[in-house]
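These numbers come from the heavy atoms of this one structure, side chains and all, not from hydrogens, waters or symmetry mates. Note on naming: letters A, B, ... go to the chains in the order of the sequence lines (proteins, then strands), and numbering restarts at 1 for each one.
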Amino acid sequence: MKVEVQNLRYSYGTGDFRISIPDLAVPSGQSLGIVGPSGCGKTTFLNIVSTVTRLRQGSLTLGDVNPAEMTDAKCREFRARNIGYVYQDFGLIDYLSGRENLLYPFFVTGRKGDATLNGRIEQLADEFGITHVLGRKPQTISQGERQRLAICRAMLGMPSLILADEPTGNLDPANKSSILDHLCRQCQTSGATLIVVTHDRNLTDRFDQVIDFSDFAQVNR
Amino acid sequence: MTGLALLAIRNLQHNKVRSAVLIFVLTIVTSIPVLANLVISQAERDLMARAQTTPLVYGAQGSPIDLVLGSTYFSGQSTTDVKMADYLNLIDLSSFALAPMRRAGTIRGLPFVGVDYEYFTERGLRPSEGFLPLRVGDVVLGHAVAQKTGLTIGDELRTDATQAFDLAGSYPVTLRVSGILPRTNSPDDGVVFADLQSAWIAEGIGHGHQELTTSSDPNLLLKPQNSALVANSSLATYTDLTQADSDAFHNHGADSDLPLSAVLVFPRSPKSEALLKGRVAEQQETRQLVDVENVIQDLLTRVFQMKSILQNVVASMAIATIAALFLVVVLSVRMRRREFEIANQIGAPKRIAVFLVAMELTMLLSAALGLTLAISGAVYIFDIDALSRILVER
Amino acid sequence: MRPVLFLLTILVGLAAMPSMAEDKRTVLTVTPALSALAQEIATADMTISYPGPADENAADWTPGDAELRQYQQADLILLVGAGYSPWTATAALPRARMIDTSQGFADLYIGRETDVVAHQHGPSGDANHHSEYANTFWLNPKLAQRQAREISRAFSALWPELAEEFQKNLGATIETLEALNAALTAEFTTLENVQLFASHPVYQYMDQAYGLGLHSFHWEPDQHPDSGQWKEFDAQLDPNRRTVMIWEEEPMLETLKELQNRDVSIIVVSPSFTPSFADASLREKLGFPKAVGLRQ
């Protein structure tokens, strides 16, 4: 899914802080790395792209869809079908097993899985090396396993866009690169567009494009 | 099963202790009014059923409720006695049946009641095992008594000593089980019945002793007075009423002076009932004839009052519980904020949190209601009498 | 639940119906003589019976469990009173249905002087119980009449719908007993100059009614008196008069011979036995022989 942004302007309620992106495009199947210091609006940008935060000024096109023209309900449906998320804190549900965590998006969105769903779970788990944690709860497995589980969850719905917010922020250096490699490889295989927010500039060589968000952030004094 | 239901169940399972406590609290809040209602309505039914099978009670002037409770439910304090003479004067075979009775203390803490054979006839009591008392010393056990004590036909039992230092001579007496009554779901189930004569002996009013004329021990006699022999106190007093020679038992004083707790009256027609009421009205200074159904109705009015008090208590309990529950919900939603944020982000409806919490509460409430139903059912089937007795009498 | 209960009630009701139909008016007595009096007054559909054995002295009989249950289930239990059948004092019987047929003439009781035992339990005790009275009232037809009246009164109280019939039967019974009294008076007159002995002290009321001046022994019909008893007997014999001895039952042949040797004849008056023949008259059922007179 191609992601295009033009003349995007976003400011918080107080008006002191503003994001301003004149022009940005991520072609379908490519990856974008976003770097920049904390508080420069990277996460806000991800929320805008994911249609959780509605855009007020400028335009956003996701594939051939303009989210500004969609109702909230349509946006939710769109997110559920097309976007996968990876979080810095993994976003796993502590009362569910690994397998149930993978299915969590299906549970809460009411989306029905097709006949291949179970097979895909096994396949993904196998690829990420987490078959042994499918029956265990998140708090009983390692950090690296947790994030791999979280990435599997994001991939299971076969989204065309993956948004990852500091996916390696809580991982040790060895895990960091291996997991990011996994993520990039999966996206390449599935043809999904990948947008990764990170403050770790050492990891940016994996992305097709890298932008520094401090260029887009403005603070009015 | 929908995904949300699975999530609700998993969350409840994950927080086992919290779930258990909530189910427990909800069960208590729901079962107290249900059980109370069950017990009260059962008590009402029992009381009314008993009242309907006991038309009138004749007794000494005093509290009609005490008289009715004592004579038909064998509970409460003893009332003032009437005498055998009163009973004998009432007898009118074609107009009503009379069941004189004497509450004579307890056996193993259970009421020991002396009755005339007519009591069993009028109550339709036929033993399921053995036979009704045939002689002095025979007792027939109510169904619950037999179950509780494990006594069977032929077993011996002793009356409880009430006045250990009563020199006038109320000794515990030994009696023998002659029969066991079937379950009647009435106060009769909890009583040890004997003939009136046994009751009097147990109270020290009647007694048995050696035949003086056949005794060879001259020391037993104080001195020959004219042709009468006067026995001294070393005369062996029988306290065992189970011996074959119970013909040696007798009462002191005239039979007409023997005490009765009450006389149950079963009129054969409304006319004979009216006539008897007229007769007793003439002795109203000292005697009363009480319409049991009226008295019980009166008592039930009080029960209803109790019921409304109970309802208020339950209502305040329910309010407190709902408040506590609200707090628990607010806290858990706050704790799960991140989870709901993620859910919303990946496309769940906005009200996912409300749905989930509501579903969990519904499950907890269903479990509590299920438990309440099970408890009530168990109580209803197995031991509502015992529960009623505990709750109503204590 | 309710329809089931209703059905059960009906079924139980149906099952109970035949037994209700058999629910005859049942009167039990404690001695055959009372049965005889009650039978005179009863209507044809009533069952009057004495459950004791026919060959045993009713005054000494104590019922077993089965008989006690029969007594418990009777509509009425007719008692002699005055200490006859002492077992009734400790039997668990329906008191309202127990009719003491002698309660109306307690002032006429004759004390059994020789046997009286009263006791007191220390100075405060009550000594008025345990005294024993003679109680074969029916050997005086006048008293038998009063017992009959008491029976009739009890029947009418329980079955008022039959009161008229009872009253009529009572009238006839009174007449029969009047006639019996007249006959006995005449018959005993023939024994005016005869010395009368009794084998047992059970004839007090007959003695009193007909001025017999009886002397009583304690002889059992089935036991031969020992020499001491004969000695006592002989000491009482009046050599100047004929002597007749009244027995409750025919004595042993040996005793009979001894009595014949002394020229003593016997009369059998058995107040507490069932007559051995079925078509006995009321006179015989009360214990009298067909005629009182000297036997050869």
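Heavy atoms of other residues, nucleotides or ligands lying less than 6.0 angstrom from NE2 of A:His199 number 12 at most. The environment of A:Asp172 atom CG is dense: over 12 non-hydrogen atoms of other residues, nucleotides or ligands sit within 6.0 angstrom. Crowding of A:Arg54 atom CZ: a count of heavy atoms from other residues, nucleotides or ligands under 6.0 Å exceeding 12. Atom NZ of A:Lys137 is surrounded by more than 12 heavy atoms from other residues, nucleotides or ligands within 6.0 Å.
Ranked by non-hydrogen atom pairs under 4.5 Å with chain B, the options A:Thr51, A:Asp94, A:Asp72 are led by A:Asp94. Considering only heavy-atom pairs separated by less than 4.5 Å from chain A, the leading option among B:Leu4, B:Asn344, B:Asn15, B:Leu7 is B:Leu7.
At a heavy-atom cut-off of under 4.5 Å, chain A is reached by B:Arg336, B:Arg338 from residues 314-338 of chain B, listed in order of number. Scanning residues 145-168 of chain A against chain B with a 4.5 Å heavy-atom cutoff picks out A:Arg153, ordered by number. Along residues 74-85 of chain A, the residues that come nearer than 4.5 angstrom to chain B, judged on non-hydrogen atoms, are A:Arg76, A:Arg79, A:Ala80, A:Tyr85 in order of number.
For B:Asn312, the side chain to side chain contact (heavy atoms under 4.5 Å, CB included) criterion is met by no residue, not counting sequence neighbours.
Between A:Thr109 and B:Ala348, the closest heavy-atom pair is CG2-N, 3.8 Å. The two residues B:Pro349 and A:Val108 come nearest to each other via the heavy atoms CD-O, 3.3 Å.
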Side chain to side chain donor-acceptor pair (under 3.5 Å) between B:Glu341 and A:Tyr87, intermediate numbers included: CA-CA 12 Å; B:Glu341 240 172 55; A:Tyr87 304 95; over 6 Å; no
Verdict with supporting geometry, B:Glu339 and A:Tyr104, side-chain contact (heavy atoms from CB on, under 4.5 Å): CA-CA 10 Å; B:Glu339 177 195 337; A:Tyr104 185 72; 3.2 Å; yes
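In this structure, the separation between CD on B:Gln345 and CG on A:Asn47 is 5.0 Å, given to the nearest 0.5 Å. Once rounded to the nearest 0.5 Å, the distance linking CD1 of A:Ile93 with CD1 of B:Ile342 reads 5.0 Å.
Only the side chain of A:Asp89 comes within less than 4.5 Å of a heavy atom in chain B; its backbone stays farther off.
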